[in-house]
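Notes follow once the structure below has been shown.
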Protein chains: 2
Amino acid sequence: MLPTPPVTIRDVAQAAGVHVSTVSRALDPRRRAGVSAEMVELVERTARRLGYRPNRAASALRTGRTHTIGVLVPDMTNPVFPPILQGVEGCAAARGCFVLVANASDPAMAMGVVERMLAQQVDGIVLATAAREDPLVDFITASGLHAVMVNRADESGRLPSVVSDDRLAMKLAVEHVLRTGCRRIAHLAGPQHLPTGAGRLHGFEQALREAGQSAAGVETCESYSREAGRSAMAQLLARVGKRLDAVVCCNDLVALGAYDALRAAGLRIPEDVSVTGHNDMPLVDMVNPPLTTIGLPHRELGWRAAQLLFERLDGTSLSPATVVLRPELVVRASTLALRDAAAMAAPRA
Amino acid sequence: MLPTPPVTIRDVAQAAGVHVSTVSRALDPRRRAGVSAEMVELVERTARRLGYRPNRAASALRTGRTHTIGVLVPDMTNPVFPPILQGVEGCAAARGCFVLVANASDPAMAMGVVERMLAQQVDGIVLATAAREDPLVDFITASGLHAVMVNRADESGRLPSVVSDDRLAMKLAVEHVLRTGCRRIAHLAGPQHLPTGAGRLHGFEQALREAGQSAAGVETCESYSREAGRSAMAQLLARVGKRLDAVVCCNDLVALGAYDALRAAGLRIPEDVSVTGHNDMPLVDMVNPPLTTIGLPHRELGWRAAQLLFERLDGTSLSPATVVLRPELVVRASTLALRDAAAMAAPRA
DNA sequence: TTGAAAGCGCTAACAT
DNA sequence: ATGTTAGCGCTTTCAA
């Protein structure tokens, strides 16, 4: 395999007997207008014949656009991110753009990655990082880089974002367990420094309030993990005893941790306590019992974020700065079908 | 936010009172040798002061290297790929390189993506696509693009690859169920057009042969899905009846499908039939019963693939063309601890 | 050790 | 509708 020198626009021009600029125009759909049909035809045929492939690096240098966007995720192995990434990638690919993916588990690291992405001349960036990183947002706005956040809102309001409606999600979960006759309802909340953690707690409280109820207990998890869920649930049980009808969890993994702690305490799910999760991770329909949870449009979240970004890049920013997508309740066996007739008649407040 | 014109190497040169080429040299670790220490110091200080950020598009045009590698995955939401991707990304990031990720669910699509990546001037490519795509490999070798395959070997032997040892994996699974007293052992095989499907079937048969046994039955799944596993298992039961001690599956999802079909037939896991999976997907430790499976070093698979690629790019290709990593048996409750003493004493052949 | 100059492949004024 | 020209920011000979 001898390294064939790549075919340039000049080779095409020469072979077609025209000038390079003509080739450049004929090959660009957006400027093809000012070129005769035969010329376009001739140039395209010649280009194809020679196996010409436009050099994006050269075009990037000239135009300042790389047709590349960056995506920052905290942890790709967290199952919420692949579908988001897929959405972003799908939208980008549909426009002939590529996606530069980088892991950035902490804010300091994220800053370095953005710095490198800036050097790489990305056209824009999608932030799927979970923490509230004001310095990062400061840095990005100062740099002038186009950015969109996904899966969390920018509290400072400087960056557009695409999120799921956490309030509505909690309302769906709370109303569901209320409907099945549960009255003593607790919440295992996510880390309060994460927007989803704070938002879902708030939504939980509001939903209960609207129903004229109050929380049977709230425990905060240290992270979105099964272990954190287990120990939070254990603490909750230690505090409120077994006087509990349902536990609404901030996250599926936390809910599975709650399973562990509830069982360790000799409680059955859902006969004694109903449990709900959040995210509808793969396989939560396979655990025992299958988990009632909140399904999020992760793929669409990613797609819309990319779309929002491209609209900014094109200067046709018609969409609102914050897009809120609707989550949906996915009922499975971890919540009771109906607690019992007596409970429905005289709910235990 | 007024769009500040970016600081170029020229600005740095001017501010430092030196020539651009000096700046270029001083800023490149590999050529810093031929520059005086004070000069390096001066240039670096000036660059930092002005907030200089090298423009990779310009350097790419000049050197032909973008510091970017492409990764092709068939489906990011399949949980085997995120850790592979993470490994690739980690290795790339450690070298200051970025990863362009693209989904390519079918070979035709993959070809188009590679074409675009070539235009994007990626330095190389990691193929994590599952199908045997000879035309793709032809195309890539013809284009002269550096490429490495991960998670499947290149049967034509033209591309280096990093894979898990499927034979060993099956041997581990088969020997495990044999050890627990199972004798009538069947296999739910993956699609035979996929290398993993064919390889694991082969490994299964070989492992049984080595143990002096023969398969109680083999059924091929149409895909690596739960539904495919369910119907394959149903067919297997229809053929061999309930005369089965264990089912070794090509994949965790298929194993979960087998759960469904076994239960529908009134069989208990593992009391009546032991089941093993492959991949150790997240949450398979949470299903009922927790799945005995084969754990793969997915992250390392990705990391090594990237490493192999970079060695090729650097011309320091010391590693072998095919790297085979070791899978490990993860024993959980879906396989019997011990079938029974009688069985051990007089195994049912 | 540093400076000068050329040019990577492409696009976009401007000129015809 | 096509050709001419300059130059994007950087690296790399070559010369001093």
Side-chain angles (χ1 to χ4, degrees), chain A residues 3-44 46-47 50-68 96 118-123, chain B residues 3-44 46-47 50-68 96 118-123:
Chain A
T4 320
V7 178
T8 74
I9 205 173
R10 193 127 80 207
D11 300 323
V12 177
Q14 202 153 17
V18 298
H19 197 268
V20 288
S21 62
T22 307
V23 175
S24 176
R25 278 189 282 255
L27 258 27
D28 181 352
R30 281 167 30 192
R31 291 178 302 153
R32 215 193 302 261
V35 181
S36 70
E38 316 87 80
M39 184 56 87
V40 170
E41 163 67 10
L42 168 67
V43 169
E44 283 199 322
T46 315
L50 301 188
Y52 169 70
R53 216 172 353 246
N55 182 329
R56 276 270 169 92
S59 134
L61 176 57
R62 185 63 235 243
T63 64
R65 303 222 12 188
T66 52
H67 298 270
T68 280
L118 238 21
Q120 199 76 31
Q121 309 292 111
V122 296
D123 295 335
Chain B
T4 320
V7 179
T8 74
I9 205 174
R10 193 127 82 207
D11 300 323
V12 177
Q14 202 153 18
V18 299
H19 197 267
V20 288
S21 60
T22 307
V23 175
S24 176
R25 278 188 283 254
L27 258 27
D28 182 353
R30 282 167 28 192
R31 290 177 306 154
R32 214 192 304 260
V35 181
S36 70
E38 315 89 78
M39 184 55 89
V40 170
E41 163 67 10
L42 169 66
V43 169
E44 284 199 323
T46 315
L50 300 187
Y52 170 70
R53 217 176 348 251
N55 182 331
R56 276 273 170 89
S59 122
L61 177 56
R62 186 61 234 245
T63 64
R65 304 226 5 190
T66 52
H67 298 268
T68 280
L118 238 20
Q120 199 75 31
Q121 308 291 111
V122 296
D123 295 335

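Computed from heavy atoms alone, side chains included, the values below leave out hydrogens, waters and symmetry copies. Just so we're on the same page: letters track the sequence lines, and every chain starts at 1.
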Least distance between heavy atoms, [X] atom then [Y] atom:
X: A:V7; Y: A:L50; value: CG2-O, 3.2 Å
X: A:L27; Y: A:Y52; value: CD2-CE2, 3.6 Å
X: A:A16; Y: A:L42; value: O-CD2, 3.8 Å

*asked:* Please determine whether a side-chain nitrogen or oxygen atom of A:T22 lies at a distance below 4.0 Å from atom OP1 or OP2 of D:dG3.
replied: yes

Atom [atom1] of [X] and atom [atom2] of [N]: how far apart are they, to the nearest Å?
X: B:L61; N: C:dC10; atom1: CG; atom2: C1'; value: 8 Å
X: A:Y52; N: C:dG9; atom1: OH; atom2: C1'; value: 8 Å
X: B:D28; N: D:dT12; atom1: CG; atom2: C1'; value: 11 Å
X: A:L27; N: C:dG9; atom1: CG; atom2: C1'; value: 13 Å
X: B:H19; N: D:dC10; atom1: NE2; atom2: P; value: 14 Å
X: A:R62; N: C:dA12; atom1: CZ; atom2: P; value: 6 Å
X: B:R65; N: D:dG9; atom1: CZ; atom2: C1'; value: 19 Å
X: A:H67; N: C:dC10; atom1: NE2; atom2: P; value: 13 Å

Remember a base hit wins even if backbone is also touched, and classify [X] as base, sugar-phosphate or nothing at under 4.0 Å, heavy atoms.
X: B:R31; answer: base
X: B:R25; answer: base
X: A:P6; answer: nothing
X: A:T8; answer: sugar-phosphate

Which nucleotide in [options] has an atom nearest any side-chain atom of [X]:
X: B:R10; options: C:dC10, C:dT2, D:dC8; answer: D:dC8
X: B:S24; options: D:dA1, D:dT11, D:dG9; answer: D:dT11
X: B:V18; options: D:dG7, D:dT2, C:dG3; answer: C:dG3
X: B:S21; options: D:dC10, D:dT12, D:dT2; answer: D:dT12

*Scan side-chain atoms only and decide if B:Q120 and B:T68 contain a donor-acceptor pair under the 3.5 Å cut-off.*
no

*By nearest nucleotide on DNA chain C, pick out whichever of B:S36 and B:A58 is the more 5' one.*
B:S36

*Which residue lies toward the 5' end of DNA chain D, A:M39 or A:T63, if each is placed at its nearest nucleotide?*
A:M39

_Return the OG1 to CD distance between B:T66 and A:Q121, rounded to the nearest 0.5 Å._
13.0 Å

